Amino acid sequence: MLSLLLAAGALTEAHAASTADVRYVAIENNCTPKKIEVFNQKVGDNAEVTYRVECNLPKARDETSKTASAIHIRCRYDLCAFVKPEVSEGKN
């Protein structure tokens, strides 16, 4: 019985996305990842994980510009996709 549970856990792990997948999607969307953290997680048959990725931004000369300081990436099984940017306002 225990070996059956371990085998089922191994199958689940084999289909889960890794932080390398999240990193790849972030870089493809012009975001060099500084920090990757779990933002939201759903379990069950349609399990998915939404990650919040902080971007390593270059210093801007215009301090009032709006830039995406972080992006959200959603992963289902081993497929990850860009969801939305988090736009932060510059200093006034």
Side-chain angles (χ1 to χ4, degrees):
M1 183 69 172
L2 181 60
S3 61
L4 181 62
L5 290 174
L6 290 175
L11 287 175
T12 305
E13 285 296 318
H15 295 290
S18 67
T19 55
D21 297 324
V22 175
R23 243 180 134 67
Y24 178 78
V25 172
I27 291 170
E28 287 293 312
N29 286 283
N30 298 323
C31 170
T32 305
K34 182 168 43 172
K35 183 179 180 182
I36 300 173
E37 59 189 1
V38 174
F39 182 74
N40 190 8
Q41 185 171 10
K42 295 180 183 176
V43 296
D45 291 339
N46 295 323
E48 64 184 31
V49 179
T50 303
Y51 293 93
R52 182 180 181 275
V53 181
E54 286 184 24
C55 302
N56 203 0
L57 299 174
K59 302 247 185 216
R61 292 184 188 264
D62 183 14
E63 294 293 328
T64 61
S65 65
K66 295 181 181 179
T67 57
S69 60
I71 61 173
H72 290 226
I73 297 173
R74 181 173 294 139
C75 297
R76 250 184 225 149
Y77 302 108
D78 61 346
L79 301 173
C80 296
F82 172 79
V83 178
K84 67 178 184 174
E86 259 187 39
V87 178
S88 65
E89 304 248 348
K91 296 177 184 174
N92 289 332

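Quick caveat, the model's predicted, so the values are computed rather than measured.
Among residue pairs with one or both ends in residues 45-54, those qualifying as salt bridge (Lys or Arg N to Asp or Glu O under 4.0 Å) are Glu37-Arg52, Lys42-Glu48, Glu48-Arg74, Glu48-Arg76, Arg52-Glu54, Arg52-Glu86; sequence neighbours excluded. Legend: ring-ring contact (aromatic ring centres under 6.0 Å, His included) pairs involving residues 30-56, not counting sequence neighbours, sorted by first then second residue: Phe39-His72. Every pair passing disulfide (SG to SG under 2.5 Å) that includes a residue from residues 23-58 is listed here, sequence neighbours excluded: Cys31-Cys55.
Atoms OG1 and CD1, from Thr32 and Ile27 in turn, are 6.5 Å apart once rounded to the nearest 0.5 Å.
Counted within 6.0 Å of CG on Asn46, heavy atoms from surrounding residues, nucleotides or ligands total 12 or fewer; the atom is thus considered open.
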Donor-acceptor pairs are to be reported for all side-chain atoms of residues 17-25 against protein atoms at under 3.5 Å, with residues two or more places apart or in another chain.
residue: Ser18; atom: OG; partner: Ala20; partner atom: N; Å: 3.3
residue: Asp21; atom: OD2; partner: Ser18; partner atom: N; Å: 3.1

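For Asn30, the side-chain contact (heavy atoms from CB on, under 4.5 Å) criterion is met by no residue, not counting sequence neighbours.
Of all the heavy atoms in Val49 and Gln41, the pair that sits closest is CG2-CG, 3.9 Å.
Under the 4.5 Å side-chain heavy-atom criterion for grouping Ile, Leu, Val, Met, Phe, Trp and Tyr, Ile71 is connected to Val38 within one hydrophobic cluster.
Hydrophobic cluster membership for Val43: none, as no Ile, Leu, Val, Met, Phe, Trp or Tyr side chain comes under 4.5 Å of it.
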